Amino acid sequence: MEAPALTSHATGFPAEGRCGYFVEKKKRFCKMVVAAGKRFCGEHAGASEEENARKRILCPLDPKHTVYEDQLAKHLKKCNSREKPKPDFFIQDINAGLKDETEIPEKLVPFSSLSEEQLENLIKKLRKACEGLNSTLEDHILSHPALHDALNDPKNGDCAVKHLKQQASILGNVEKLKLLGPRRCFVEFGAGKGKLSHWVDIALKDAENVHFILVEKVTTRFKVDGKHRKKNSVFERLQIDIQHLCLNRVPVLREGRLPVVGIGKHLCGVATDLALRCLIETYAARFEEKNEEPLAKRVKNDETEKESNTLVKEGNEKNVPETQTPVAGIVIALCCHHRCDWRHYVGKEYFKALGLGAVEFYYFQRMSSWATCGMRTSLEASDVSTKRKDDQNDDNEEHDDGGDRLTDGSTDSLPGILTVEEKKKIGHLCKLLIDQGRLQYLQQKGFSPTLQYYTDPLVSLENVLLTAVPTHLSS
């Protein structure tokens, strides 16, 4: 029989070279390695009689660990929680949108405190705002040969297959929009492990001058982008919140002037709005500012662009000269509308034109969760909630940002007033209205956007894909 690893409370001794402090909660000795001649690790040194004279205090940068008081100054210089120098591409709140405190009331009444009449008025406003909108999206469930072997690998479990099906469909839609090609930069927002970029890279094979920028605000384990060592593609990971990212200052885009393709798989709520601003208001606008040139030269370039469009119509796409379109396209799988935020939302003007504002947006945003995970107040929805639970577990791998999704225990639950099916329909209308504001924003910025289903709801209930290409290239 194998001996217990690193601990033997029965014999009263810790493993050799390990800390002698017994952790009562875990019923074992601490597993930390101790310094030569010491009995306890640094964290539990206070338990040692010979070291009681040295006091340990909580680290002021991160109270989750302690430090000797007489070594505090030295520790602060190397503590992993210290504030690190900001990179050049960090500009505070550059993609946050305008902050207007007067638009948002100080205190909004939670759903649990809403009267039946208030709720009915909100739903009437929602239905009126959605009049004329097409609530039935087209199916664009595609695949791509690059994932054929992976999808048919018998070693894959259900979770892996769900992710692969979504990645395959996103990649198929990227290809359908003619966004797969050389001499461009793919920016994956909310990249997680970087698997979506990984498959794009495989699909591109030996395409020349292809760069990948993976944007993720948290450190990620088991990343796949570090495994790529191809000559023609370069992977760069930026650990930064999208809210503060200025793409123009990323060296590869500042120097290479490459057209950008924005991609993302399950980009949670507010992150979608931040990504759209990052691409269109930050990158595209500044790209064009730097591209200012004499009128004669611009006319010549316009003629070149006409020639390019003619070549596209003739089917000679490989020979098309590079245009100076800063953002070549956007393909983002949407997610978690209940995590949106009025300040960052790009569709404010759309809401205001409908007579709606921050208050209605707040409640619609909360009710949007009913479409997927606010349906658990009845046994009628038990099969749906099971699928949602599975879907949450699957998606935790790549897009979970630590926030709690709404469940049947949330304050947004209104049992007895609405049936499960009614809540589901209202939730979908809320999502549709929020996304419609994003579509109008993109149209105003010179893009042709669409919403479509990119995967089966049995694979993921968050199955809507937002795509957009410049209007002059949409044909």
Side-chain angles (χ1 to χ4, degrees), residues 90-111 114 122 125-126 129 189-190 215-218 240-246 262 264 266-282 330 332-374 395 399-407 410-412 426-442 444-445 449 451 462 464 466:
F90 179 100
I91 299 181
Q92 186 73 36
D93 294 331
I94 188 170
N95 303 312
L98 297 175
K99 189 174 184 179
D100 188 349
E101 299 291 356
T102 61
E103 289 186 343
I104 305 173
E106 287 185 12
K107 192 173 182 180
L108 290 162
V109 180
F111 271 104
L114 285 177
L122 276 171
K125 284 185 178 182
L126 173 67
F189 295 96
V215 183
E216 178 58 65
K217 68 179 179 180
V218 297
I240 185 174
D241 193 312
I242 305 168
Q243 183 168 330
H244 314 302
L245 173 60
C246 180
H266 285 177
L267 200 54
C268 283
V270 66
T272 296
D273 298 298
L274 295 173
L276 293 178
R277 273 212 179 85
C278 179
L279 289 167
I280 294 168
E281 293 185 31
T282 304
I330 300 169
I332 293 174
L334 304 174
C335 180
C336 302
H337 292 67
H338 66 273
R339 298 186 68 84
C340 289
D341 182 272
W342 176 253
R343 178 191 172 185
H344 306 308
Y345 180 52
V346 296
K348 284 184 184 178
E349 295 306 316
Y350 176 74
F351 259 61
K352 289 176 181 177
L354 293 170
L356 306 172
V359 175
E360 290 82 8
F361 181 83
Y362 170 78
Y363 289 118
F364 294 164
Q365 162 218 332
R366 302 302 290 171
M367 289 192 290
S368 71
S369 66
W370 295 349
T372 54
C373 52
D395 291 344
H399 87 287
D400 184 28
D401 54 8
D404 293 327
R405 294 176 184 273
L406 301 177
T407 62
S410 75
T411 56
D412 288 8
I426 290 168
H428 279 298
L429 284 180
C430 290
K431 282 175 171 283
L432 180 66
L433 190 65
I434 291 171
D435 288 337
Q436 198 64 34
R438 290 165 170 166
L439 294 187
Q440 191 194 63
Y441 168 82
L442 287 165
Q444 290 175 344
K445 298 296 182 180
L451 292 172
E462 296 283 16
V464 175
L466 169 66

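Small disclaimer: the values here were computed from a predicted structure and weren't measured. The basis for the numbers below is simple: all heavy atoms, side chains too, and nothing from hydrogens, waters or symmetry mates. Count residues from 1 along the sequence.
Between the side chains of Y350 and Q444, no donor-acceptor pair of N or O atoms lies under 3.5 Å.
Taking F361 as the reference, W342, Y345, F351 meet the ring pair (Phe, Tyr, Trp, His ring centres under 6.0 Å) condition, with sequence neighbours excluded.
Considering every non-hydrogen atom in both G262 and I332, the closest pair reads O-CG1, 4.5 Å. A96 and H344 make their closest contact through O-ND1, 2.7 Å (heavy atoms, listed as atom of the first residue, atom of the second, distance). Minimum interatomic distance between L108 and Y363 (heavy atoms only, all atoms of both residues): C-OH, 4.0 Å. Across every non-hydrogen atom of E462 and H266, the tightest pair is O-NE2, 3.3 Å. G427 approaches A371 most closely through the heavy-atom pair C-CB, 3.5 Å. When all heavy atoms of L122 and F364 are compared, the closest pair comes out as O-CE2, 3.5 Å.
The shortest side-chain heavy-atom distance between H428 and L432 does not fall under the 4.5 Å cut-off. Side chains of L442 and I280 form a contact here, defined as non-hydrogen atoms less than 4.5 Å apart. I242 has its side chain out of reach of V270: every pair of non-hydrogen atoms, C-beta onward, lies at least 4.5 Å apart. The shortest distance between side-chain heavy atoms of K431 and L334 does not fall below 4.5 Å.
Note that the CZ atom of R366 and the NE2 atom of H338 stand 6.5 Å from one another [nearest 0.5 Å]. Atoms CG and CG, from D93 and L98 in turn, are 11.5 Å apart once rounded to the nearest 0.5 Å. In this structure, CZ in R277 is found 6.0 Å from OH in Y441, a value given to the nearest 0.5 Å. Here CD1 of I94 is found 11.0 Å from CD of Q243. Values are rounded to the nearest 0.5 Å. For the atom pair CG (L451) and CD (Q436), the distance works out to 7.0 Å, reported to the nearest 0.5 Å. F189 CZ to L279 CG: the interatomic distance, rounded to the nearest 0.5 Å, is 4.0 Å.
Results of the side chain to side chain donor-acceptor pair (under 3.5 Å) test with H337 over T372, D435, T272 single out D435 as the only residue that passes.
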Give the intermediate values and the outcome of side chain to side chain contact (heavy atoms under 4.5 Å, CB included) for residues H244 and N95. CA-CA 6 Å; H244 314 302; N95 303 312; over 6 Å; no
Before giving the answer on side chain to side chain contact (heavy atoms under 4.5 Å, CB included), spell out for D241 and L274 the whole-Å C-alpha distance, their side-chain angles and the decisive distance to 0.1 Å. CA-CA 9 Å; D241 193 312; L274 295 173; 4.1 Å; yes
